[in-house]
Amino acid sequence: MTSDITRIGPPPSPGAGPVPPQGYEAMDDHELLRLHVAGNPDTFGYLVKRHRDRMWAVAIRTLGEPEEAADALQEAFISAFRRADSFRGDAKVTTWLHRIVVNACLDRIRRRQVRAADPLPEDEDRAAELAGPAEDDPAEVRERRLDVLNALKQINVDQRSALVLVDMEGYSIEEAAAILGCAPGTVKSRCARGRAKLLPLLRHWQTTRGGSADDVPAKARQTAPTAAATSSGTGGTE
Amino acid sequence: MTDAGLPTSEHLEHLDTDTIADLIENLLPAPEAHRAREHVKACPDCQQTYDALLQLTEDLADEGRTDIPMPADVAEHLNAVIASESVLRASTVGVHSLVQLREEPHRHLPKLLLAAAAVVVVAGAGVVGVVLATADHSTDGAAGIGSPTSVPSITTEQVGPDAQRWLEGAKGPILHGEAAEIDCARQFATTQPDSELQLVQPATVDGKRSTVIGLPGGSAGDVKVFVVTGCSGSGGPATPFYDTTVTLRNR
Ligand SMILES: [Zn+2]
C-alpha cells in the first residue's frame with residue numbers, strides 16, 4: 001500500500017493502548033469510564049456489559065414493555081457514552097448510570113402520554129422470556145419477577161414510576177420528587193395509592209410465603225400470576 | 001379485605017385499602033388519621049391489610065434488589081449500537097484531528113481508532129492525496145452498485161469510502177431501491193438540516209439490511225452519509241446507526 005498511509009496513521013498510543021481483555025474485566029467502573037473519556041473505544045462496552053442486567057431491571061419495571069425498555073436503555077447508554085466527561089468522579093458510576101436510565105424511561109413515558117393512549121399489544125411469549133433464561137434462576141425467582149412485572153403493568157404509570165423509584169430502587173421521597181419533577185407529597189400519595197392497587201395483585205405472594213408454595217405443582221402455579229389475585233391463591237386443581 | 005360487610009357499629013365500617021395506605025404514609029388529616037388508627041387497632045381485617053401493605057413494601061424492596069437478565073437479542077443489539085457509537089466517535093475525532101495529525105503526527109490516538117481514521121483519510125483525500133485500498137472491497141469501479149436494486153454488502157468502515165466513490169462516479173443524485181425505501185429515506189431527510197437527497201442505496205452494512213442515505217453536508221462538496229435501518233420492508237421509521245461525512249473531489 002501507499003507509504004503515505006503508514007505515515008499518516010497515528011502511532012501506537014501509550015496511555016489507552018492495548019490492554020488484555022481480562023485487564024478490562026478486572027478494572028473498576030471509574031477506571032473504565034476514565035479510559036472511555038480518554039478515547040478508548042472498548043471500555044464503555046465493558047461498563048455496559050457489567051451493568052446491563054441491573055439497568056434492564058429498572059427499565060422493564062418502569063416501562064413494562066420490552067420494546068420500550070430496550071429503546072430507553074439504548075438512548076440512555078448512548079447518552080451516557082456521549083456525556084461521560086460530565087461524570088463527577090466522586091459519585092458512583094452506577095448511581096450516575098442509574099439516574100440516566102431512569103430519566104430516559106421517564107422521557108419515554110412522557111412522550112407516550114403526549115402521543116395519546118394507544119395500548120401496546122400484550123405478548124405472552126415475550127413476557128415469559130423477560131423472566132430470564134430458564135437455566136439462570138430458580139423457578140420461584142422467575143415466577144415472582146414475572147408477577148411483579150405483570151402487576152406493575154396494571155397500575156397507572158405515575159404510580160408505577162413512583163413505586164419503582166421509592167420502594168424498588170430505594171430512592172428517598174425527596175430524590176424521587178426531584179427526578180419526577182413533582183412535590184414530595186405527590187410522590188408519597190402516588191406510592192400509597194400504587195401499593196393499595198398492587199396489594200390485591202400480589203397478595204398471593206404473602207399467602208405462599210414460608211414454604212407452602214412447594215406443595216403446589218409448578219404447572220398449576222404458572223397460570224397463576226393474575227388469576228391468583230381473584231382466587232384464593234392456593235392454586236388451581238383440575 | 002374490604003368485603004363491605006354490614007357495619008355493626010361505626011367503628012366496624014372497614015377502611016378501604018387506599019385509606020390504610022394513606023395512613024401508613026401519614027397522608028391523612030389529623031382527625032381522620034386518629035380514627036383510622038383506632039379502627040385498625042380494633043379490627044383484625046384492617047390490621048391484616050395494614051400489615052400486608054407494610055410487607056408489600058418490603059417485598060418490593062427485596063425484588064428491586066434483584067437484577068433481571070437482559071434478553072440476549074436486546075443485549076446483542078445494544079452491543080452493536082455501542083460499537084457503532086464508538087466508530088462514530090472515532091471518525092468524528094478523526095475529522096477534527098486530520099490537520100492536527102499532519103502537524104502533530106505523534107498525537108495520541110487510541111490504537112483501535114485506526115480503522116475509523118482511515119475512513120476519514122479518504123474523506124479528506126483531496127487534500128492528503130491518498131487513495132486507500134478500498135478496491136479490495138468491490139470488484140469494479142461501479143463499487144458494487146451496478147443495478148438500481150443490487151444490495152452490496154459492506155462494513156461501516158467502508159460506508160464513507162464507498163459512498164464517496166458512488167457519488168463521484170455519478171453525474172447527479174443516486175436514488176436506488178424500491179419506491180417505498182426511497183420514500184422512507186425522503187422522510188428521514190426531512191428531519192435533517194438539508195433534506196435534498198444525494199444518495200439512497202440499499203446495502204447490507206455489518207450484516208444488517210440497511211439504507212445508505214446521503215444528504216448535503218455543511219460545505220460545498222460535503223455529503224453527510226447516514227446508514228439507517230427500518231427503511232426496507234417495514235417502511236420506516238428510519239433509525240440511523242452510523243454516519244460520516246465525505247468530501248467529493250469533483251463537486
Ligand atoms: Zn376494618
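Proteins get letters first, then strands, A, B, ... in listed order; numbering begins at 1 in each.
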Exercise for review: Just do the side chain to side chain contact (heavy atoms under 4.5 Å, CB included) check on A/V48 and B/L78 with the steps written out, would you?
Suggested key: CA-CA 9 Å; A/V48 170; B/L78 185 60; 3.6 Å; yes
Practice item. Let me see the working for A/K188 and B/D22 under salt bridge (charged side-chain N to carboxylate O under 4.0 Å, His left out), right down to the final yes or no. Key: CA-CA 8 Å; A/K188 282 189 184 188; B/D22 284 355; over 6 Å; no
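Between the CD1 atom of B/I20 and the CZ atom of A/R195 there is a distance of 13.5 Å, given to the nearest 0.5 Å. Remark: A/C191 SG to B/L27 CG distance equals 9.5 Å, nearest 0.5 Å. With values rounded to the nearest 0.5 angstrom, A/R193 atom CZ is found 10.5 Å from B/T17 atom OG1. Here CG of A/D71 is found 8.5 Å from NE2 of B/H77. Values are rounded to the nearest 0.5 Å. Taking CG from B/L56 and CG from A/L201, the interatomic distance works out to 9.5 Å, rounded to the nearest 0.5 Å.
The minimum heavy-atom distance between B/A21 and A/A192, with the atom names listed, is CB-O, 3.2 Å. The two residues B/G64 and A/R54 come nearest to each other via the heavy atoms O-NH2, 2.6 Å. In plain terms, the two heavy atoms of A/A70 and B/V74 that are nearest each other are CB-CG1, 3.8 Å.
Residue B/T19: no heavy atom, backbone or side chain, is found under 4.5 Å from chain A.
Looking at B/R89 and A/H36, their side chains come closer than 4.5 Å, going by heavy atoms from C-beta outward. Taking 4.5 Å as the limit, every side-chain heavy atom of B/D59 sits out of range of all side-chain heavy atoms of A/L202. Side-chain contact between B/N79 and A/R52: present, with at least one pair of heavy atoms (C-beta onward) separated by less than 4.5 Å. Using a 4.5 Å cut-off on side-chain heavy atoms (C-beta onward), B/L60 and A/R61 make no contact. Considering only heavy atoms from C-beta on, B/T49 comes within 4.5 Å of A/R203 through its side chain.
The environment of NZ in B/K208 is crowded: more than 12 heavy-atom neighbours from other residues, nucleotides or ligands sit within 6.0 Å. Heavy-atom contacts from other residues, nucleotides or ligands closer than 6.0 Å to CD of A/E31 number more than 12.
Remark: the backbone N or O of B/M70 is paired with a side-chain donor or acceptor of A/D53 at under 3.5 angstrom.
Contacts with chain A were tallied for B/L23, B/D18, B/I82; B/D18 has the most, counting heavy-atom pairs under 4.5 Å.
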